[in-house]
Novice: 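Okay, here's the structure, questions in a sec.
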Amino acid sequence: MAAKTTWFQTTAIDYPNSRPHIGTAFEKLGADVQARYRRMEIGEENVFFLMGNDENTVKVSKRAAELGLDTQAYCDDMARQFQEVWKALDISYDTFVQTSSERHKQCCRKFIQKVYDNGYIYKGEYGGWYCDGCEEFKSDKQHAENAGNCPTHRTPLVRRSEPCYFFKLSAFSERLLKHYEENPDFIQPEIRKNEIVSLIKTEGLRDINISRKGEDWGIQIPFDPEFTIYVWFDALLTYITGIGYGDDEATFRKYWPCDTHFIGKDITRFHTALWPAMLWAAGEEAPTKVFAHGFVYLKLPEKVGDKGAGELVKIGKTTLKELGLEYLAEPMEIIKKFSAEAFRYFFLRECPYPGDGDFSPERFVEVYNSELANNLGNLFSREMTITWKNFEGVFAGTAGKVPEAVVPGLDLKAFVETVRGHVEGCRYNQALQAIVQDFLTPTNQYLEANAPWKLVKTDKDAAKRVLFNAVQSLRVASILLKPFIPKSAEAIYTSFNFPKPWAEVKYADAAELLAQPDDLRVTAELFDGKPKPLFPRIG
RNA sequence: CGCGGCGUGGAGCAGUCCGGUUAGCUCGCCAGGCUCAUAACCUGGAGGUCGUAGGUUCAAAUCCUACCGCCGCAACCA
């Protein structure tokens, strides 16, 4: 089988009816680590990371109307705000698609036309509970739970049916099940796959209504302009319009099929059932993998202990604002208060990407202080300082010398492979745990056991060797940490004259201890013989 | 019987799929050490009948059954 030499990944596109919160940030972070890792391994030019906003929904136009804004202007401003947050978090996306963009609309129409021409779309009638106030259909569940009334307007819902277009999703049940079976990694983690399989087996798939009538916001259906395209049918297409489907065939063919769609676990069924079916209906391949990550829940101290999902601004009956903690729902505030690197590290270390995780201010400080400040940051500081004090930052005579291993019993190659496996499997927390516990902590122990600050008084060369060896741990760790905390990792790596340029390091470079042509030396700028703390302690 | 997750020393977790060395790790706590370092780092210690009750087995946190408690999702909230 021909190996694909490119890597294409996406995150779910977000509704811009409110600003991004830590939950959405969590998804982008996990995806960003993967993109950065892939770029290290196969080169910048072969990786494409797509993100975007999902704007063609009635909710967005309503929100804009509430604010008295033009819908498009509102969308553009939200897109700007979203990207501001993603940039502050160092999310390294290559393109940001707005579904209200002309290119997306055109490509979308081409796609739906194709599906229509292929006979997978037919006209029918859709019936449901309708609210005149909301101008939308409510689910049977909402109808039942609110005694037949609209939950917001408190007026009776009326049974209404209207013509619409259906997509023949039901025609793909068998093919989907077969696809899951033949591609066991298609849906990750496995738990989500089991859910979908049992869902299809027990409930089957029904044809879905992919049109809305009489909306002025959205994408018109090319073969019947009275209708607009149902948001999901349009949103999913972002993943292909963003890489040129319908107008840049070469780029599209270079990257499709998608290597991984990163999504939240709640929208698994859209991505693993509807989406492949849509693609097949248009004669395209299904994506290679869909990774459904877990959610982050705010965990607040004491009585407020209620976990809030989704709308994170609301915790049970209390709002964050009332608690004076509103900044917690705003990634920007956390970044400003601490740092993007700290934000990245915390979520990636603390919350298992495949499962759910908690965010609490106390835990945030704890993880930051113990692992970033006390362990990694302090290790960096002590090595730099001793080296500077005793050798003016130069390890004279180490040119051509191969460093010795500092962690007893650790097979470096195997260790790097373990970390690599965790990264590729999106088990970021385990990757970080391994780096800290199995590598950085033992390096601190190595320094303690060999006490170069003492040894330097009796055997200066021996002390130099110890430090020279220990510096390698910083090199190895910085390479392994590059996808996670890019800026800090770079700061560590470039504090020495390691021969390989930072932009070119790969995970494989971390697996070997090699001699370098010049004497190793400290190149970082020091202040009074000390480096600037990488991670100042909090509190 | 809608679907799924969780319950392991004070807190947060790993281990459970493929039962078997003294049940690991982080934080906290106590006592030492060290003093190169961001009051950091290192060593040692106290603290757990692994939700409950049964069952299988030479042997169970790990497999089976029942029960209790907590939580999330349920087709446009990541």
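Per chain, numbering begins at 1; letters A, B, ... match sequence-line order.
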Novice: Which residue, A:Leu205 or A:Gln433, contacts RNA chain B at a nucleotide closer to its 5' end, judged by nearest heavy atom?
Specialist: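 Residue closer to the 5' terminus by nearest nucleotide: A:Gln433.
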Novice: If you only use heavy atoms from C-beta on, which nucleotide in B:C77, B:G12, B:C76 is closest to the side chain of A:Arg212?
Specialist: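 Side chain of A:Arg212 sits closest to B:C76.
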Novice: Mind checking if A:Leu379 touches a base, just sugar-phosphate, or nothing, with heavy atoms under 4.0 Å?
Specialist: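 Result for A:Leu379 = nothing.
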Novice: How many whole angstroms separate atom CD1 of A:Ile267 from atom P of B:C77?
Specialist: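 Rounded to whole Å, this separation is 10 Å.
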Novice: Please report whether the ring centroid of A:Phe262 lies less than 6.0 Å from that of A:His271.
Specialist: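 Here the rings of A:Phe262 and A:His271 have centres that are no less than 6.0 Å from each other.
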Novice: Measure from the side-chain heavy atoms of A:Asn444 and tell me the nearest of B:A78, B:U38, B:C41.
Specialist: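 Looking only at heavy atoms from C-beta outward on A:Asn444, the closest nucleotide is B:C41.
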Novice: Which listed nucleotide (B:C36, B:G12, B:G4) is nearest to the side chain of A:Ile386?
Specialist: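 Closest nucleotide to the A:Ile386 side chain: B:C36.
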Novice: Scan side-chain atoms only and decide if A:Asp266 and A:Thr268 contain a donor-acceptor pair under the 3.5 Å cut-off.
Specialist: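 Looking only at side-chain atoms, A:Thr268 and A:Asp266 do not form any donor-acceptor pair under 3.5 Å.
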Novice: Within the pair A:Asn369 and B:U38, is there a side-chain N or O less than 4.0 Å away from OP1 or OP2?
Specialist: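 Answer no for this pair, as no side-chain N or O of A:Asn369 is under 4.0 Å from OP1 or OP2.
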Novice: Is a side-chain donor-acceptor pair under 3.5 Å present for A:Asp234 with A:His104?
Specialist: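 The answer is yes; a qualifying pair exists.
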Novice: Below the 4.0 Å mark, does B:C34 have OP1 or OP2 next to a side-chain nitrogen or oxygen of A:Lys454?
Specialist: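 For B:C34, neither OP1 nor OP2 has a side-chain N or O of A:Lys454 closer than 4.0 Å.
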Novice: Output yes when A:Lys28 and A:Asp14 qualify as a salt bridge under the 4.0 Å nitrogen-oxygen rule, no when they do not.
Specialist: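 Salt bridge: yes.
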Novice: Output the rounded distance in Å from CD1 (A:Ile13) to C1' (B:C77).
Specialist: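 In whole Å, B:C77 C1' lies 15 Å from A:Ile13 CD1.
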Novice: For B:A60 and B:A53, measure between their C1' atoms and round to the nearest Å.
Specialist: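 Per the computed distance, 15 Å lies between those C1' atoms.
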Novice: What does A:Phe262 touch in the nucleic acid at a heavy-atom separation under 4.0 angstrom: a base, only the sugar-phosphate, or nothing?
Specialist: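 Nothing, no heavy atom under 4.0 Å.
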Novice: Let's go through A:Tyr368 and A:Tyr345 carefully: what are the C-alpha distance in whole Å and the side-chain angles of both, what is the deciding distance for ring pair (Phe, Tyr, Trp, His ring centres under 6.0 Å) to 0.1 Å, and is it a yes or a no?
Specialist: CA-CA 8 Å; A:Tyr368 175 91; A:Tyr345 190 86; 8.6 Å; no
Novice: In whole angstrom, give the distance that lies between atom CG of A:Leu455 and atom P of B:C34.
Specialist: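 These atoms are roughly 17 Å apart.
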Novice: Choosing from B:C36, B:C76, B:A78, which nucleotide comes nearest the side chain of A:Ala12?
Specialist: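 Out of B:C36, B:C76, B:A78, the nucleotide with an atom closest to A:Ala12's side chain is B:A78.
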Novice: With a 4.0 Å cutoff (strictly under), does any side-chain N or O of A:Lys59 reach OP1 or OP2 of B:C77?
Specialist: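 Yes, A:Lys59 has a side-chain N/O under 4.0 Å of OP1/OP2 on B:C77.
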Novice: In whole Å, what separates the C1' atom of B:G44 from that of B:C34?
Specialist: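 About 14 Å, rounded to a whole number of Å.
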Novice: Students often get this wrong, so: under 4.0 angstrom with heavy atoms, is A:Arg427 touching a base, only sugar-phosphate, or nothing?
Specialist: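 Since no nucleic acid heavy atom lies under 4.0 Å of A:Arg427, the category is nothing.
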Novice: Angle between ring planes, A:Phe49 versus A:Tyr93, binned at 30° and 60°: parallel, tilted or perpendicular?
Specialist: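 Perpendicular, since the angle between the ring planes exceeds 60°.
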Novice: Answer with yes or no whether the side chains of A:Gln220 and A:Thr228 bring together a donor and an acceptor at under 3.5 Å.
Specialist: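 Note: A:Thr228 and A:Gln220 side chains miss the donor-acceptor criterion.
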Novice: Rounded to the nearest Å, what distance is computed from the CG atom of residue A:Asn374 to the P atom of nucleotide B:C34?
Specialist: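 So the two atoms are 21 Å apart, to the nearest Å.
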Novice: Heavy atoms under 4.0 Å, any strand shown: does A:Thr443 hit a base, just sugar-phosphate, or nothing?
Specialist: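 The answer is nothing, as A:Thr443 stays clear of every strand by at least 4.0 Å.
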Novice: If the C1' atom of B:G20 is compared with that of B:A59, how far apart are they to the nearest Å?
Specialist: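 B:G20 and B:A59 have their C1' atoms separated by 6 Å.
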Novice: Before we go on, tell me: are the rings of A:His422 and A:Tyr428 under 6.0 Å apart, centre to centre?
Specialist: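 No, they do not, as the ring centres are separated by 6.0 Å or more.
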Novice: Side chain of A:Thr385: nearest nucleotide among B:A78, B:C36, B:U38?
Specialist: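 Minimum distance to the A:Thr385 side chain belongs to B:C36.
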Novice: Separation of A:Phe295 atom CZ from B:C6 atom P, in whole Å?
Specialist: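 Answer to the nearest Å: 17 Å.
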Novice: We want to know whether A:Tyr446 and A:Asn469 form a side-chain donor-acceptor pair, criterion being a heavy-atom distance below 3.5 angstrom.
Specialist: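 Judged by distance alone, the side chains do pair up.
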Novice: Over how many whole Å does the gap from A:Gln430 atom CD to B:A14 atom P extend?
Specialist: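 So the CD-P distance, A:Gln430 to B:A14, works out to 9 Å.
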Novice: Could you summarise the pairing of RNA chain B as dot-bracket text, marking Watson-Crick and G-U pairs under 3.5 Å with ( ) or [ ] inside the strand and | across strands?
Specialist: .(((((((.[[[[.)....(...]]]].(((((.......))))).....[[[[[..)....]]]]])))))).....
Novice: Between B:U62 and B:U56, how far apart are the two P atoms, rounded to whole Å?
Specialist: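 Approximately 15 Å lies between the P atom of B:U62 and that of B:U56.
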Novice: Does A:Lys193 come within less than 4.0 Å of A:Asp185, counting only side-chain N to carboxylate O?
Specialist: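 Salt bridge absent between A:Lys193 and A:Asp185.
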Novice: For atom C1', what is the distance between B:C25 and B:G33, given to the nearest Å?
Specialist: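 Rounded to whole Å, the distance is 23 Å.
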Novice: Could you check which of B:C41, B:C25, B:G4 has an atom nearest any side-chain atom of A:Gln437?
Specialist: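 Comparing B:C41, B:C25, B:G4 against the side chain of A:Gln437, the answer is B:C25.
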Novice: Atom CH2 of A:Trp232 to atom P of B:A75: distance rounded to whole Å?
Specialist: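 Value for this atom pair: 13 Å.
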Novice: Taking the nucleotide of RNA chain B with the closest heavy atom to each, which residue, A:Lys265 or A:Ser370, is nearer the 5' end?
Specialist: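 Result of the comparison: A:Ser370.
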Novice: Given the C1' atoms of B:U22 and B:A61, what is the spacing between them in whole Å?
Specialist: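 It works out to 16 Å between them.
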Novice: P atom, B:G5 versus B:C63: distance in rounded Å?
Specialist: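 Between the two P atoms, the distance is 13 Å.
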Novice: To the side chain of A:Pro533, which of B:U38, B:C36, B:A78 is closest?
Specialist: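 The answer is B:U38.
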Novice: Starting the side chain at C-beta, find the nucleotide from B:C76, B:C42, B:C36 nearest to A:Arg382.
Specialist: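 Looking only at heavy atoms from C-beta outward on A:Arg382, the closest nucleotide is B:C36.
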Novice: Between B:G51 and B:C6, how far apart are the C1' atoms? Round to whole Å, please.
Specialist: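 To the nearest whole Å, 11 Å.
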Novice: Rounded to whole Å, how long is the line connecting atom CZ of A:Arg192 with atom P of B:A74?
Specialist: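 It is 11 Å, rounded to the nearest whole Å.
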Novice: Looking for any heavy atom pair under 4.0 Å, which part of the strands does A:Phe270 touch: base, sugar-phosphate only, or nothing?
Specialist: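 If one applies the 4.0 Å heavy-atom cut-off, A:Phe270 turns out to touch the sugar-phosphate alone, with no base involved.
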Novice: Checking only heavy atoms, does the side chain of A:Tyr230 share a donor-acceptor pair with the base of B:C76 at less than 3.5 Å?
Specialist: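 Check fails, no donor-acceptor contact within cut-off.
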Novice: What nucleotide, of B:G4, B:A78, B:U38, holds the atom closest to the side chain of A:Thr24?
Specialist: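 Comparing B:G4, B:A78, B:U38 against the side chain of A:Thr24, the answer is B:A78.
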Novice: Under 4.0 angstrom, heavy atoms only, what part of the nucleic acid is A:Lys530 near: base, sugar-phosphate, or nothing?
Specialist: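 Contact class for A:Lys530: sugar-phosphate only.
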Novice: Assess the side chains of A:Thr260 and A:Gln9: does a donor N or O sit below 3.5 Å from an acceptor N or O?
Specialist: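 Result is no, nothing qualifies.
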Novice: Which of these nucleotides, B:A78, B:U38, B:G12, is closest to any side-chain atom of A:Arg363?
Specialist: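 Taking heavy atoms from C-beta onward, the closest nucleotide is B:G12.
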Novice: By the 4.0 Å heavy-atom rule, please label A:Asp14 as base, sugar-phosphate, or nothing.
Specialist: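 Sugar-phosphate, backbone atoms only, no base.
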